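The structure under discussion appears below in the form of structure tokens.
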Amino acid sequence: MIQLPKLKYQFSDLEPYMDAKTVEIHYTKHHQTYLDNLNRIIEKEPSLQNRELEEILMNISSVKEEVRQGVINNGGGVFNHNIFWEALTPNSKYDPQSNIAKEIEKKFGSFENFKEEFTNKALGRFGSGYGWLVKSGSEVEIIDTLNQDSPISIGKTPLLCVDVWEHAYYLKYQNRRAEYIENWWNIVDWEVVENRFNG
Ligand code: MN3
């Protein structure tokens, strides 16, 4: 049985940028439901048992066709939320001397340019999905994904993501996705992003 990783903060710790009720429902209902559904699929499918979720998603094309979309949706739902929650903190600090900061500056010209490009990508994601900073080969790039598709299924290493499903922001921000993303920048855990980048 795959389990949810514990959050390293309390539901209310990300206030005022992300409200306690949203964090609670998002984690204990949405994330948990993906996990329950995934475990039900794995329980009935021996070829998926005793394997790391990450490894399954990296080799998604070899998953049996009858269960593949279920694994994409629910396995991706578990994995993507793990990446999302882990890179949030009430004590966000961007270190311009970090390797990821130097890489961002090299690739996007400045941190401000990077933020703008990332925000526009996440804002422009039609419907549900995520905005991502990923490592692709030796380069970093900004991408978006639909629903619970995961970058690791297309050979990219996730560094940072923002969940732009409405369940991630509707209670506090209603339809104001731009305001949600703008506030989300205040709770990004750059230490986690740095560690993922240094990998
Ligand atoms: Mn979500």
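Please read all numbers here as calculations on a predicted model, not as lab measurements. As the structure lists them, so they are numbered: ligands from 1, and atoms in each ligand from 1.
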Do N74 and Q148 have side-chain heavy atoms sitting under 4.5 Å apart?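 Contact flag for N74/Q148 side chains = no.
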Is the Mn ion (ligand 1) less than 2.8 Å from at least one N/O/S atom of H167?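 Yes, H167 qualifies, because one of its backbone or side-chain N, O or S atoms lies under 2.8 Å.
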The Mn ion (ligand 1) contact by H81, N, O or S atom under 2.8 Å: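 Of the N, O and S atoms in H81, at least one lies under 2.8 Å from the Mn ion (ligand 1), which means yes.
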W185 pairs by ring pair (Phe, Tyr, Trp, His ring centres under 6.0 Å) with which of Y17, Y180, F118?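 It is F118, the one option of Y17, Y180, F118 that forms the ring pair (Phe, Tyr, Trp, His ring centres under 6.0 Å) with W185.
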For D163, what is the atom name of its N, O or S atom nearest to the Mn ion (ligand 1)?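 Of all N, O or S atoms in D163, the Mn ion (ligand 1) lies closest to OD2.
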Aromatic F197 / basic K135 pairing, under 6.0 angstrom, 45° off normal: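 Yes, a cation-pi geometry.
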So that I know where these two stand, are W165 and H26 an aromatic pair - ring centroids less than 6.0 Å apart?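 Ring centres of H26 and W165 not closer than 6.0 Å.
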